[in-house]
Amino acid sequence: MNPRTHRAFPPLLAATLLLGACSDSGDPVSQLISDDPEPVIWRFALEEIAGSVQDAWAQEFRRRIEAISDGEVQVEIYPYGSIGTSPELTGLIQEGRVQLGFAAPGHLASTIPEAGVFLLPYLFPDDDEANLSVLADEELSGMLRSAWQRQGLQLLESVPEGWMAWTADRSLRLPEDLQGVRMRTMTASLHAEVFGIWGAEPVPLPYGEVYSALQEQQIDGQSNPVFAIQEMKFHELQSVLIQPRAIRFVATVVGNAEWYEGLDDRHRRWLEEAREGMPRFIDEVQRKYNASRLELIRETGGTRIEVLDESERARFREASLPVRDRYRELAGDRGDEILDRILTLSRADG
Ligand code: 6CS
């Protein structure tokens, strides 16, 4: 995993060293070999394309770690599409072929049922600051870390990327409007169950297939944060963009657990140092991206933007509550504890 290699001197280099030792032109060893350690490469896989929120996180992390380590640690970023779909990226990280990456609960909940808690509508506080403090809660983070750890993943950060908006070929303001609408969902079954309970016909698909599925009319709608809708051009194929403020898209930054455990002290310290303040940094980025790209969608025209009012949101909230029981069934006792902690924190903050 660690690309650092220790080679014996090749014969030509050994001979050169000996000859150099006989000359009087300064220190031959330092002329020929550097004491600087060879760079270590950390591969970082994204579930989103260049220019996305995940890309901004990874680019900033790369900038920081390369500065802190004076170039000793280098980060190679693989944007979505270069090495696999979300479940495939998670597999590569579990195997240690990639050290770091993003894993969104909409896919990850197939592997870690507790991750499904991020898919439950109207659970986390509406207020952005309150939401950030729930995610920063140490007790909650500890419970999530253990769940990820059991699947060979080190949970490093939970990154909110903005509210998920729905796009469709019609207005969706009440659960009855979703009756029979073929909505693309992420691949974890709980995400499909959320749309199912609202009356839609869920169609789980990888992210990379959504555009063509819309184009070929295999689906009628989909849900994603606004920045993603714009950069993936979904709005160009949809007449309405609806903002229900039901689910925030939260992705997790994960590392291969064994690799993380095996990091030497310096590398671990640098990694932790590079992460400092990242939640605040990325929150500003996601706000800026989501706001500016909503404007781009508005300017493009052809997509009506609708915002659900409180009574409409209440109808969706009410209809979604049985999915919490379904999550409890899937995620068991430890999943219960996670949900209960979020409910306690959200009530305290809300
Ligand atoms: O909808 C999806 O599958 C993807 N959406 C975003 C915004 N990020 C990654 C995720 O896989």
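Every number for a ligand or one of its atoms is a count from 1 in the order of the listing.
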Inset, instruction - I would like to know whether Trp198 and Phe316 meet ring-ring contact (aromatic ring centres under 6.0 Å, His included); could you show each step before the answer? - result: CA-CA 7 Å; Trp198 283 330; Phe316 278 104; 5.3 Å; yes
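- Using a cut-off of 4.0 Å between Lys/Arg side-chain N and Asp/Glu carboxylate O, Lys288 and Asp283 are scored as not salt-bridged.
- When hydrophobic residues (I, L, V, M, F, W, Y) are linked wherever their side-chain heavy atoms come within less than 4.5 Å, Leu174 remains an isolated member.
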Can you pull every nitrogen or oxygen pair between ligand 1 and the protein closer than 3.5 angstrom?
{"unit_1": "ligand 1", "atom_1": "1 (O)", "unit_2": "Arg184", "atom_2": "NH1", "d": "2.8"}
{"unit_1": "ligand 1", "atom_1": "1 (O)", "unit_2": "Asn224", "atom_2": "OD1", "d": "3.2"}
{"unit_1": "ligand 1", "atom_1": "1 (O)", "unit_2": "Asn224", "atom_2": "ND2", "d": "3.1"}
{"unit_1": "ligand 1", "atom_1": "3 (O)", "unit_2": "His107", "atom_2": "NE2", "d": "2.8"}
{"unit_1": "ligand 1", "atom_1": "3 (O)", "unit_2": "Arg184", "atom_2": "NH2", "d": "2.9"}
{"unit_1": "ligand 1", "atom_1": "5 (N)", "unit_2": "Asn224", "atom_2": "OD1", "d": "2.9"}
{"unit_1": "ligand 1", "atom_1": "8 (N)", "unit_2": "Glu48", "atom_2": "OE2", "d": "2.7"}
{"unit_1": "ligand 1", "atom_1": "11 (O)", "unit_2": "Ser86", "atom_2": "OG", "d": "3.3"}
{"unit_1": "ligand 1", "atom_1": "11 (O)", "unit_2": "His107", "atom_2": "NE2", "d": "3.1"}

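- Each salt bridge (Lys or Arg N to Asp or Glu O under 4.0 Å) pair with one or both residues in residues 191-202, not counting sequence neighbours, appears once here: Glu193-Arg326.
- When each of Leu178, Ile242, Val181 is paired with Arg170, the side-chain contact (heavy atoms from CB on, under 4.5 Å) condition holds for Val181 and for no other.
- Applying the salt bridge (Lys or Arg N to Asp or Glu O under 4.0 Å) test to every pair with at least one member in residues 144-156, sequence neighbours left out, gives these pairs: Glu114-Arg150, Glu138-Arg145.
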